[in-house]
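Written below as structure tokens is the structure these notes are about.
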Amino acid sequence: RKKQGDADIALEQVLHLFLPSLEQPRLRLDTELLDFGVVEHGARRTLKVSLSNYGRGLLYGQVTAAVPWLRGPRGTFKCRGGQTISLDFGVDSASLGEGNIVTDAAAEVQSNGGQAMLKAQANITWAPDLMLSATSFNFGEYLVGESPELRQQSLVLKNNGGGILEGTV
């Protein structure tokens, strides 16, 4: 079954077959780096990359993500001469550990007007998780007017998660 829009691609191929001196489509991306910044573990974040065709004719191709945590556009993209389209990329942080993730070859854009490799980076943080050593205290009973002796109990606060746990006691 033919995909809708394949006629545009076929026409572009025929034009260049019979008129090889025609200016070719030319791929340009507005960035080489997908910088997702700080992403909390389990969260998803998306970025848009502008893809331009600064040549003539129809630029077409596809994007392939090279790492499992990167989501890229599916299927074939198309961009007419002089136009710009947006490509959506997302990071799925659920499978990543805490810390900086940097990948020099995260996604490849292949087209009839050139190729491009995208780098990606994200700083994955795990949410803090407060653990208390006790949830209540028992200091005993005092009678009204009685001078209580100083009684102490300890409370230990622990961060069982990641990141920085901040609070007031």
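Quick caveat: nothing in here was measured; it's all calculated off a predicted structure.
When hydrophobic clusters are built by joining Ile, Leu, Val, Met, Phe, Trp and Tyr residues whose side-chain heavy atoms come closer than 4.5 Å, directly or via intermediates, V67 is grouped together with L47. Linking ILVMFWY side-chain heavy atoms closer than 4.5 Å, directly or via other members, places L155 and M131 in two distinct hydrophobic clusters.
T31 OG1 to K119 NZ: the interatomic distance, rounded to the nearest 0.5 Å, is 10.0 Å. Here the straight-line distance linking atom CG of L118 with atom CG of D104 works out to 11.5 Å at 0.5 Å rounding. Rounding to the nearest 0.5 angstrom, the gap separating the CZ atom in F77 from the CD atom in Q62 is 8.5 Å. Taking OG1 of T103 as the reference point, atom CH2 of W69 lies at 4.5 Å (rounded to 0.5 Å). One distance of note links CD of Q110 with CG of L27; it measures 11.0 Å at 0.5 Å rounding. With rounding to the nearest 0.5 angstrom, the CG atom of N123 is 13.5 Å from the CZ atom of F36.
Counting only heavy atoms from C-beta outward, the side chains of C79 and Y60 never approach each other to under 4.5 Å.
Contact record, K48 with D88: NZ-OD1, 2.7 Å, taken as the closest heavy-atom pair. Between L59 and S111, the closest heavy-atom pair is CD1-OG, 3.3 Å. Nearest approach of L58 to P25, heavy atoms of both residues: O-CG, 3.3 Å. Taking both residues in full, the closest heavy atoms of V102 and Q121 are given as CG2-CB, 4.1 Å, listed atom of the first, atom of the second, then distance. The shortest non-hydrogen separation linking R56 to E23 is NE-O, 3.4 Å. For the pair A107 and L70, the tightest heavy-atom approach, listed with the atom from each and the gap, is CB-CD2, 3.8 Å.
For S133 (side chain) and V156 (main-chain N/O), a donor-acceptor pair under 3.5 Å exists by modelled atom type. Of the possible polar contacts, one joining the N159 side chain to the D129 backbone as a donor-acceptor pair under 3.5 Å is found. Listed for the R45 side chain is a donor-acceptor partner under 3.5 Å among the backbone atoms of V38. Formation of a donor-acceptor pair under 3.5 Å by the S93 side chain with backbone atoms of E40 is found in this model. The main-chain N or O of S50 is never found under 3.5 Å from a side-chain atom of S86 such that the two would form a donor-acceptor pair.
For the pair R28 and Y54, the cation sits on the ring face: its NZ or CZ lies under 6.0 Å from the ring centre, inside 45° of the axis.
Here W126 pairs with H41 under the ring pair (Phe, Tyr, Trp, His ring centres under 6.0 Å) rule; sequence neighbours left out.
Sparse packing is recorded around CD of E166, with 12 or fewer heavy atoms of other residues, nucleotides or ligands lying under 6.0 Å away.
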